[in-house]
Amino acid sequence: MAFFFVQMADPQFGMFAFFSGLTDEEVEERRSRQLFVRKAPKKITGFADESRLYTQAIEATNRMKPAFVAMCGDMVHDPSDQSQLDELFRITDMLDDDIPIYWVSGNHDVGDAPTPESLALYRERFGPDNFSFDHDGCHFAVINSSVCSNPVNVPNEWENIVQFLKDDLSRARADGCNNIILLVHHPWFLEDADEGDGYFVIPRDRRKVILDILHEHDASAVFAGHWHRNNYAEDGKLLMVVTGAVGYPLGDDPSGLRVVKVDGAAVTHQYYAMDDLPDSIEL
Ligand SMILES: [Fe+2]
């Protein structure tokens, strides 16, 4: 049976304030690193913009009534700031009780190079970072892409992810699922599965390990965030979809969310700007 879910990424409470108050030179320096920050010369504090945007996203989701929400990481900008977390959870609580939300860990939630401590804290707050679930015959796997990005402090966690994904997808296919989708924070690649390494993608050697497992089990799509703008690429039949931010945009795409329709093995999707969110979705 066809269904749809809402994918969100990077509400990142605190990011508007973090990138405010920069001089023109500082803005240019960030842009040279592909961080296309806005000019906001006046320093602000708090997270009023993030609250407004995430509230819009949650209210529209309640109207659309998806099967679930996949929140693809960077829930807050600074995980040591309890006020950012409190605001995230206050607004999340407005989500209707019959719409589950699945948390996916981002680098701002667990660190660019996760440690045993940062992972333990994340798991306490959000639950497991590597898990899977099923909806109407479609299997969804979630893994911690920050560990895939840089496992130097937790090499065993990387080994665990590889084994988890192999076992999980084998079991899902053996159980007769009709589709496999991966939900992560980092894109595996932006243009081409063989492209070089960079801040916004998973390094090539570990990227290949994960892509090989996905291809072996005929996964149809990967949905990610992290780039704070939309991007679409393919590796054979596998779609690599990057979704713009609920919060601070780092490109031309406005803050928004994605609606993903799943009908058997077929996956279609559309990004909606926060000011143009639909009230209902036709399947
Ligand atoms: Fe982010």
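Since this is a predicted model, take the numbers as computed values, not measurements. In each ligand, atom 1 is the first atom listed, and ligand 1 is the first ligand listed.
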What about [X] and [Y], are their ring centers closer than 6.0 Å?
| X | Y | result |
| --- | --- | --- |
| Phe19 | Tyr248 | yes |
| Tyr199 | His186 | no |
| Phe5 | Tyr102 | no |

Return yes if some donor-acceptor pair links the side-chain N/O of Glu28 with the main-chain N/O of Asp24 below 3.5 Å, else return no.
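No; zero donor-acceptor contacts below 3.5 Å.
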The Fe ion (ligand 1) contact by Gln12, N, O or S atom under 2.8 Å
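Coordinating: yes.
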Assess His228: does it contribute an N, O or S atom lying under 2.8 Å from the Fe ion (ligand 1)?
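Yes - counting backbone and side chain alike, His228 has an N, O or S atom under 2.8 Å.
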Taking the Fe ion (ligand 1) as the vertex, what is the angle from OD1 of Asp10 to OD2 of Asp74, given to 10 degrees?
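With the Fe ion (ligand 1) as the vertex, OD1 (Asp10) and OD2 (Asp74) sit 90° apart.
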